[in-house]
Amino acid sequence: MSKFLAERLVPFEAYVPGEQPQDRKYVKLNTNESPFPPSPYAERLARQAAGGLNLYCDPECRVLTSVAAESFGVSSEEMIFTNGSDEVLNFAFLAFCDDASPAVFPDITYGFYKVFAGLNGVPYREIPLTEEYRVEVRDYFDAKGTIFLANPNAPTGVAITKAEIESILQKNPDHVVVIDEAYVDFGGESALPLIGKYENLLVTRTFSKSYSLAGGRLGIGFACPALIADLKKIKYSTNPYNVNSMTAAAGIGALTDREYFLRNMAIIKENRARMTASLEAMGFTVLPSSANFIFAKCADISGEVIYKELKKKGVLVRYFDKDRLRDFVRISVGSAEETDALLRAVKQIKEERA
Ligand code: PMP
């Protein structure tokens, strides 16, 4: 830290992303990426777009917008495209949170919410998950702030229903409710059909997981046109060119190749079921996951030991050194081969310690 850093940022702690180690080749199940490459069509369109990089990209992402409007069944005015969904979430903290509307989110959820609140100098309140690591929707009625809920939640993978989200929207008519659907394609129930009905709903989605474009950085916010206009005010005051032309082109390809998307979702769900059943058979407790990762704890080995032992065996998972999370590891659901490698390594660890 230099002596020049603004005073308000001195105590501020930045987000720590999952490890991306380069020292050896790992079976990488720690950052919930897709094990599959992008759709070949997405890659082809991105390559073509590279030839036009001398020109600025379209700040309105018009072609992507029309393809996405068709794909998601919404109108063009109900969407904003961003540099990953992290960016639209940050925009939401900037646009909709202040002293009169502090951020409200679960005590166990996506770690970036707290960081965005800190960066933007916004007060926040955390609501504990239940004993079963569930969001109790009644705890969010009349919450007196801007609500952020990841659904399915991270790192638990546990989801709430559309009806539950609707009840939160109805009980907070004067505050925005942000539903972060980064993982919804893997089995959650989307709140997207509600955007025409509730002026206070913002749904965020990402291309990083189900569309295999984490490195491309593409996210979407869905909301009524007035909320989208507020978010665009932030976008046009920071970086109108936040989605580069290659990424916009890749997004068009990914949305168009529906067959590839559906096949990959089916494979991940199949591998999730197999991984869950096999870990349970080895004495693990696995929270019911609707995401492309599972949150699992072993009866007799701590999360930290599992994480370290797996890393030694070349398998990376994520461990959180935090109350109520220490017993667990979060494991991304990968390909069939990656699932085999993970299960083999866990079996070895159990045998070595028996
Ligand atoms: N929301 C949740 C719950 C996440 O886990 C992530 C990925 N770390 C994001 C949003 C952001 O993903 P991206 O910026 O890649 O769209």
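Indexing begins at 1, ligand by ligand and atom by atom, following the structure's order.
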A.B. asks: Could you list the residues that satisfy side chain to side chain contact (heavy atoms under 4.5 Å, CB included) with R324, not counting sequence neighbours?
C.D. replies: D107, I108, L129, Y133
A.B. asks: When you measure from the centre of the six-membered ring of F293, is the NZ or CZ of R330 closer than 6.0 Å and no more than 45° off the axis?
C.D. replies: yes
A.B. asks: Can you classify the ring geometry of F105 versus F148 as parallel (below 30°), tilted (30 to 60°) or perpendicular (above 60°)?
C.D. replies: perpendicular
A.B. asks: For atom 16 (O) of ligand 1, what's the nearest protein heavy atom and its distance?
C.D. replies: T206 OG1, 2.5 Å
A.B. asks: Using a strict 4.0 Å cut-off to heavy atoms of G84, name the atoms of ligand 1 that fall inside it.
C.D. replies: 14 (O), 16 (O)
A.B. asks: Classify the contact between R217 and ligand 1 as side chain, backbone, both or neither, using a heavy-atom distance cut-off of under 4.0 Å.
C.D. replies: side chain
A.B. asks: I need the nearest protein heavy-atom contact for atom 8 (N) of ligand 1: residue, atom name and distance, please.
C.D. replies: Y110 OH, 3.2 Å
A.B. asks: In terms of residue, atom name and distance, what is the protein heavy atom nearest to atom 15 (O) of ligand 1?
C.D. replies: S208 OG, 2.6 Å
A.B. asks: Could you label the plane-to-plane angle of the F72 and Y211 rings as parallel, tilted or perpendicular, counting under 30° as parallel and over 60° as perpendicular?
C.D. replies: perpendicular
A.B. asks: For Y183, which part has a heavy atom under 4.0 Å from ligand 1: side chain, backbone, both, or neither?
C.D. replies: side chain
A.B. asks: Tell me the protein heavy atom at minimum distance from atom 7 (C) of ligand 1, and give that distance in Å.
C.D. replies: K209 NZ, 3.2 Å
A.B. asks: Less than 4.0 angstrom from a charged side-chain N to a carboxylate O is my criterion; do K144 and D174 meet it?
C.D. replies: no
A.B. asks: Between E60 and K232, does any NZ, NE, NH1 or NH2 come within less than 4.0 Å of an OD or OE carboxylate oxygen?
C.D. replies: yes
A.B. asks: Using 30° and 60° as the class boundaries, would you call the ring planes of F112 and F116 parallel, tilted or perpendicular?
C.D. replies: parallel
A.B. asks: Students should be able to answer this: which protein heavy-atom is nearest to atom 11 (C) of ligand 1, and at what distance?
C.D. replies: D86 OD1, 3.1 Å
A.B. asks: Just wondering, do T206 and L218 contact through their side chains at under 4.5 Å, heavy atoms?
C.D. replies: no
A.B. asks: Within ligand 1, which atoms have a heavy atom of A182 less than 4.0 Å away?
C.D. replies: 1 (N), 2 (C), 10 (C)
A.B. asks: Side chain, backbone, both or neither: which part of S85 has a heavy atom under 4.0 Å from ligand 1?
C.D. replies: both
A.B. asks: With heavy atoms only and a cut-off of under 4.0 Å, state how D180 meets ligand 1: side chain, backbone, both or neither.
C.D. replies: side chain
